[in-house]
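The figures here come from the full heavy-atom set of this structure, side chains too, leaving out hydrogens, waters and symmetry mates. Within every chain, numbering begins at 1; the chains are lettered A, B, ... in the order of the sequence lines, protein sequences first and strands thereafter.
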2 protein chains.
Amino acid sequence: MARKQGSHAGITGPKVRDVALRLFARYGYAAVSMRQIAREVGVQAGALYLYTPDKQTLLFDLMRGHLDELLSAWAEADKGGPPAARLEAFARFHMRYHLDRPDTIFIAYMELRNLEPDNFAEVERLRDLYEASLIDILDAGRAEGVFQVPDTRLAAKAAISMLNGVTTWFREGGRLGQGEVESIYWDMLRKSVSG
Amino acid sequence: MARKQGSHAGITGPKVRDVALRLFARYGYAAVSMRQIAREVGVQAGALYLYTPDKQTLLFDLMRGHLDELLSAWAEADKGGPPAARLEAFARFHMRYHLDRPDTIFIAYMELRNLEPDNFAEVERLRDLYEASLIDILDAGRAEGVFQVPDTRLAAKAAISMLNGVTTWFREGGRLGQGEVESIYWDMLRKSVSG
DNA sequence: GCTTGATCTGAACGCGCGTTCAGTTACTGT
DNA sequence: ACAGTAACTGAACGCGCGTTCAGATCAAGC
């Protein structure tokens, strides 16, 4: 039997990506089988190949899609203004965006080594693009004298590492709310780049 | 044929762990097969089971061994003194220790999800122990008024995230030397917990 | 020189892997 | 009513997986 009712292409396609995202995040790309994905989608394994040419592309599409969205979301959120304000906006945007998409972010940082070289290069390019927007802010602030950092590229890496750290432990309903955590982290970041 | 010459137990055992460490770090636990490990060690797959009961235990032993060493290394490196000095010692120790063992650290942070529940709990316990030593320093500094942090547990997590970040990009022979990077990171950390 | 035990091989076990494809079903357009 | 096509099944392909184990080999102790 096939296709129990109605057209499914518009449903099954996204569902495949959703399920793959969740399973890859939980168990890791290498540990998840196509049959396992198919089972949770509710189809046989063969049907997955109507929506992706292979498993590797499935992973790559998830990563590139994430980075595309991240870049355009920040482009929209960036209101300009003085560097200090832009940095705060960046920090809060980054934490909020990441906390809202834990699975996506987990994959983006953990499954890099499972990308084939070409795919890895493209993902890295997009990541550098995002990092560059933070470096821009730090450069602008240093030029104005409001930030004191010996090396903005290094500071950008340190800042992103710190902000990313939130995603590894924060859980809704814990000791502190998301807003409090955001403020505390922002405060630490602010001081770290100031005199 | 078996055992070409001399006794090998003292050689093969550590070699298995070394190879497993390197391969797990490069390709991920799930993506590395026992046959692949055996090939690089120079034995047949069956021989590995003289040195580990199974693949999972091999991973767990690497992790627990790492954390045991980390804890005792810090216990030895911690010279006490005023909180600011202890924090600097911690930061520099942490970066140096991690940069010296990139493969070990990579596994310790990436393969947690591949640990069975009991093993995970033990690893988490040891990690919390290490984090607690940083929290102690921050608490002491706050009590003396030299650190201004609203939440020492949060600050400890933020600090460790930031310091860990170094390991994801630093390569010997790059734009900056290890000493410079250490100093810049320490400076950012120092400011982030100060008024 | 013989036995003992440590060390390792080589083959095998059942199983699941990613992927392909001929065939089947259910809907759509005419 | 019928053809066409989108969506999917179910079986199969060759292959590698983790693990076990009987047997081979060599070093050491008596």
Side-chain angles (χ1 to χ4, degrees), chain A residues 1-24 26-63 107 111 113-116 118-119, chain B residues 1-24 26-63 107 111 113-116 118-119:
Chain A
M1 99 198 82
R3 202 143 61 122
K4 325 253 169 53
Q5 60 186 22
S7 178
H8 282 164
I11 296 171
T12 308
K15 202 168 176 185
V16 167
R17 278 183 286 277
D18 285 356
V19 169
L21 182 74
R22 202 180 67 243
L23 293 180
F24 287 167
R26 179 123 62 199
Y27 304 107
Y29 171 76
V32 173
S33 72
M34 294 299 269
R35 278 170 240 262
Q36 198 177 342
I37 295 171
R39 198 182 317 128
E40 297 228 2
V41 171
V43 297
Q44 293 295 317
L48 297 180
Y49 291 85
L50 293 167
Y51 305 99
T52 182
D54 48 44
K55 193 186 175 191
Q56 165 74 201
T57 306
L58 188 52
L59 174 62
F60 175 57
D61 285 346
L62 290 174
M63 290 224 200
I107 290 176
E111 301 297 352
R113 63 179 159 189
N114 285 311
L115 287 174
E116 287 162 7
D118 286 359
N119 293 341
Chain B
M1 106 195 78
R3 200 146 57 126
K4 324 253 167 55
Q5 60 185 21
S7 178
H8 281 166
I11 297 172
T12 307
K15 203 169 176 184
V16 167
R17 277 182 286 277
D18 285 357
V19 169
L21 183 73
R22 203 179 66 244
L23 293 180
F24 286 167
R26 181 121 65 199
Y27 304 107
Y29 171 77
V32 173
S33 72
M34 294 299 270
R35 277 169 242 261
Q36 198 177 342
I37 294 170
R39 198 182 317 129
E40 298 227 5
V41 170
V43 297
Q44 294 294 319
L48 297 179
Y49 291 85
L50 293 166
Y51 304 99
T52 181
D54 49 43
K55 195 185 174 191
Q56 165 74 202
T57 305
L58 189 50
L59 174 63
F60 175 58
D61 285 346
L62 290 174
M63 290 223 200
I107 290 175
E111 301 297 352
R113 64 178 158 192
N114 285 311
L115 288 174
E116 287 161 8
D118 286 359
N119 294 342

Kindly say if B:Y49 contacts the phosphate of C:dC8, meaning a side-chain N or O under 4.0 Å from OP1 or OP2.
->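 No, because none of the side-chain N or O atoms of B:Y49 sits under 4.0 Å from OP1 or OP2 of C:dC8.
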Establish, with yes or no, whether the OP1 or OP2 oxygen of C:dT7 is under 4.0 angstrom from a side-chain nitrogen or oxygen of B:T12.
->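 For B:T12, the contact criterion (side-chain N or O under 4.0 Å from OP1 or OP2 of C:dT7) is not met.
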Verify, without hydrogens or angle tests, whether B:Q44 (side chain) and B:A38 (backbone) share a donor-acceptor contact under 3.5 angstrom.
->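 The answer is no, because no donor-acceptor pair under 3.5 Å joins these two groups.
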Less than 4.5 Å apart, any side-chain heavy atom of B:F24 and any of B:I37?
->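 Yes, at least one pair of side-chain atoms sits under 4.5 Å.
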Sub-4.5 Å side-chain heavy-atom contact between B:K15 and B:Y51 =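 No; the side chains remain at least 4.5 Å from each other.
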Could you check A:G46 against B:V32 and say which one's nearest nucleotide on DNA chain D is further toward the 5' end?
->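 Upstream on the strand: A:G46.
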From [options], pick the nucleotide closest to the side chain of [X]?
{"X": "A:M34", "options": "D:dC8, C:dG18, C:dC8", "result": "C:dG18"}
{"X": "B:K55", "options": "D:dT9, C:dT7, D:dG18", "result": "D:dG18"}
{"X": "A:S33", "options": "C:dC17, D:dC8, C:dT7", "result": "C:dC17"}

Rounded to the nearest angstrom, tell me the gap between atom [atom1] in [X] and atom [atom2] in [N].
{"X": "B:Q44", "N": "D:dT25", "atom1": "CD", "atom2": "P", "answer": "15 Å"}
{"X": "A:Q36", "N": "C:dG18", "atom1": "CD", "atom2": "P", "answer": "9 Å"}
{"X": "B:I11", "N": "C:dA6", "atom1": "CD1", "atom2": "P", "answer": "17 Å"}
{"X": "A:Q56", "N": "C:dT19", "atom1": "CD", "atom2": "P", "answer": "9 Å"}
{"X": "B:E116", "N": "D:dG18", "atom1": "CD", "atom2": "P", "answer": "14 Å"}
{"X": "B:L50", "N": "C:dA6", "atom1": "CG", "atom2": "P", "answer": "11 Å"}
{"X": "B:Y51", "N": "D:dT19", "atom1": "OH", "atom2": "P", "answer": "17 Å"}

How do B:L48 and A:A30 order along DNA chain C: which one's closest nucleotide is nearer the 5' end?
->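 First, find each residue's nearest nucleotide; the 5'-ward one identifies B:L48.
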Donor-acceptor pair under 3.5 Å: do we get one between A:R35's side chain and the base of C:dG16?
->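 In this structure, the two groups form no donor-acceptor pair.
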With A:E40, the side chain to side chain contact (heavy atoms under 4.5 Å, CB included) member among A:D18, A:V16, A:V19 =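 Only one of A:D18, A:V16, A:V19 forms a side chain to side chain contact (heavy atoms under 4.5 Å, CB included) with A:E40, namely A:V19.
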Should B:E111 and A:R113 count as an ion pair when the cut-off is N to O under 4.0 Å?
->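 Looking at A:R113 together with B:E111, the answer is yes, because their closest N to O distance falls below 4.0 Å.
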